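I have placed the structure first, in the form of structure tokens, so that the comments after it can refer back to it.
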Amino acid sequence: MNDAAAPETGAVTTPTGGVREVKSAARTVEILEFLAARQNRPVRLRELSEALGVPRSSLHALLRTLAKHGWVRSDTTGTLYGIGIRALLAGTSYLDTDPYLPQVTPFLVELREQLDETFHFGRLDGADVVYLATRESSQYLRPYSRVGRRLPAYSTSLGKAVLAARPEDEIADHLPTELAPLTPHTLTDRDTLAAELDATRRRGYAIDNEENTLGLRCIAVALDYGEPVSDAISASIPIARLTPEREAEVIAALRQAADRIVRVVGPIRNSLSWG
């Protein structure tokens, strides 16, 4: 079978032995990722078509199929679309089977009880950081869970901690074409970001100084229990009540917790065939 005759539903083997992606499968993934990123903001077919550069006719057929199987939901008129409950089930399955999450979570609980700040566990995924666990401070509670949320690695302390632990020639692979600002404080210049990552390596922790949320300072430490480093833990603290003494206390606690996590998780990672 030549490439021109290959159907969308089958993968094509290239002359080098690799497998070319299936167009319909790739589009399905794009749809789900786009809808997931919008969270609770539904989208119309036309807007989705323009954003993904996909003809409305073929996009509509994919949406109807995904809706039928619960991966996409639509309103009663069938004109607005959002992520479906099946996506939640798949995400929950990932959390249930991740070998590191149950090892790291008790340390987040301990940190929260010790300092009563909000602590996170995140993982680098492409150009983003995905939040796998959060333990909220009792001093303020968010109306939503961060678990499963994605944020750009370049603008988060979690992401910068992991990027700084990676070889410098790999960092560009985890940055988007444009470093878009999330707040007026986001580092959008590549040279400035590179200098910040260098500073992170020297001091041993990363800082997000209101780069994602105004009024919030985040501090993170990478978890170097495997290669390449992918995970980190962080603390989020309102700047209004953050003193130099409190920041030093949080940094010390994070670094101590990271050392303890690595000692616990290291043997587990070595026993895994994938991770």
Side-chain angles (χ1 to χ4, degrees), residues 104 107-108 111-112 114-125 127-137 139-140 142 146 149-168 170-172 174-176 179-225 228-262:
V104 175
F107 289 96
L108 297 186
L111 285 166
R112 193 265 312 275
Q114 175 187 347
L115 298 170
D116 197 17
E117 303 293 353
T118 297
F119 293 90
H120 310 287
F121 172 44
R123 178 166 299 154
L124 184 68
D125 179 40
D128 297 329
V129 162
V130 179
Y131 286 76
L132 300 181
T134 292
R135 291 298 180 270
E136 295 280 0
S137 166
Q139 301 178 66
Y140 67 101
R142 298 178 186 275
R146 274 188 182 266
R149 289 191 67 203
R150 306 174 69 91
L151 287 173
Y154 66 85
S155 66
T156 61
S157 62
L158 287 167
K160 287 191 283 188
V162 173
L163 291 178
R166 295 281 185 109
E168 291 188 47
E170 292 182 8
I171 293 175
H174 299 283
L175 298 177
L179 305 184
L182 279 73
T183 76
H185 302 282
T186 306
L187 303 182
T188 57
D189 177 77
R190 289 176 181 267
D191 290 338
T192 304
L193 176 62
E196 178 62 21
L197 294 180
D198 187 53
T200 297
R201 295 185 192 97
R202 292 197 307 271
R203 65 182 172 234
Y205 59 90
I207 296 173
D208 154 15
N209 192 26
E210 298 186 88
E211 293 172 51
N212 274 290
T213 304
L214 291 175
L216 203 63
R217 186 177 176 94
C218 302
I219 303 162
V221 177
L223 301 175
D224 58 349
Y225 43 57
V229 175
S230 298
D231 299 350
I233 56 173
S234 73
S236 298
I237 311 167
I239 288 178
R241 58 178 177 77
L242 180 60
T243 64
E245 294 75 18
R246 183 58 163 178
E247 183 168 334
E249 184 181 17
V250 170
I251 291 169
L254 281 171
R255 298 180 76 166
Q256 182 182 54
D259 288 341
R260 293 170 62 199
I261 290 169
V262 169

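Since the structure is predicted, the reported quantities are computational estimates derived from the model, not experimental observations. Hydrogens, waters and symmetry mates play no part in the numbers below; they use all other heavy atoms, side chains included.
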- Query: Got more than 12 heavy atoms from elsewhere within 6.0 Å of CD, E168?
  - Reply: no
Is it the case that the side chain of [X] and the backbone of [Y] share a donor-acceptor pair, with hydrogens and angles ignored and the cut-off at 3.5 Å?
| X | Y | answer |
| --- | --- | --- |
| S230 | L124 | no |
| T243 | R246 | yes |
| K160 | T200 | no |
| S137 | Q139 | yes |
| E136 | T118 | no |
| T183 | E210 | yes |
| R166 | V229 | yes |
| Y205 | L254 | no |
| R201 | A164 | yes |

- Residues E196 and R203 bridged, charged N to O under 4.0 Å: yes
- Task: For the pair D198 and R202, find out whether any cationic side-chain nitrogen is under 4.0 Å from an anionic carboxylate oxygen.
- Result: yes
- Nearest-0.5 Å distance, CG of residue L187 to CG of residue L182: 11.5 Å
- Message: Taking side chain to side chain contact (heavy atoms under 4.5 Å, CB included) as the definition, give me every residue that meets it alongside D189, ordered by chain and number, with sequence neighbours left out.
- Response: D191, T192
- Among side-chain atoms of N212 and S155, is any donor-acceptor pair under 3.5 angstrom? yes
- Message: Quick one, S234 with H120, criterion side-chain hydrogen bond (donor to acceptor under 3.5 Å, both in side chains). Give me CA distance, side-chain angles, the key distance, then yes/no.
- Response: CA-CA 5 Å; S234 73; H120 310 287; 4.7 Å; no
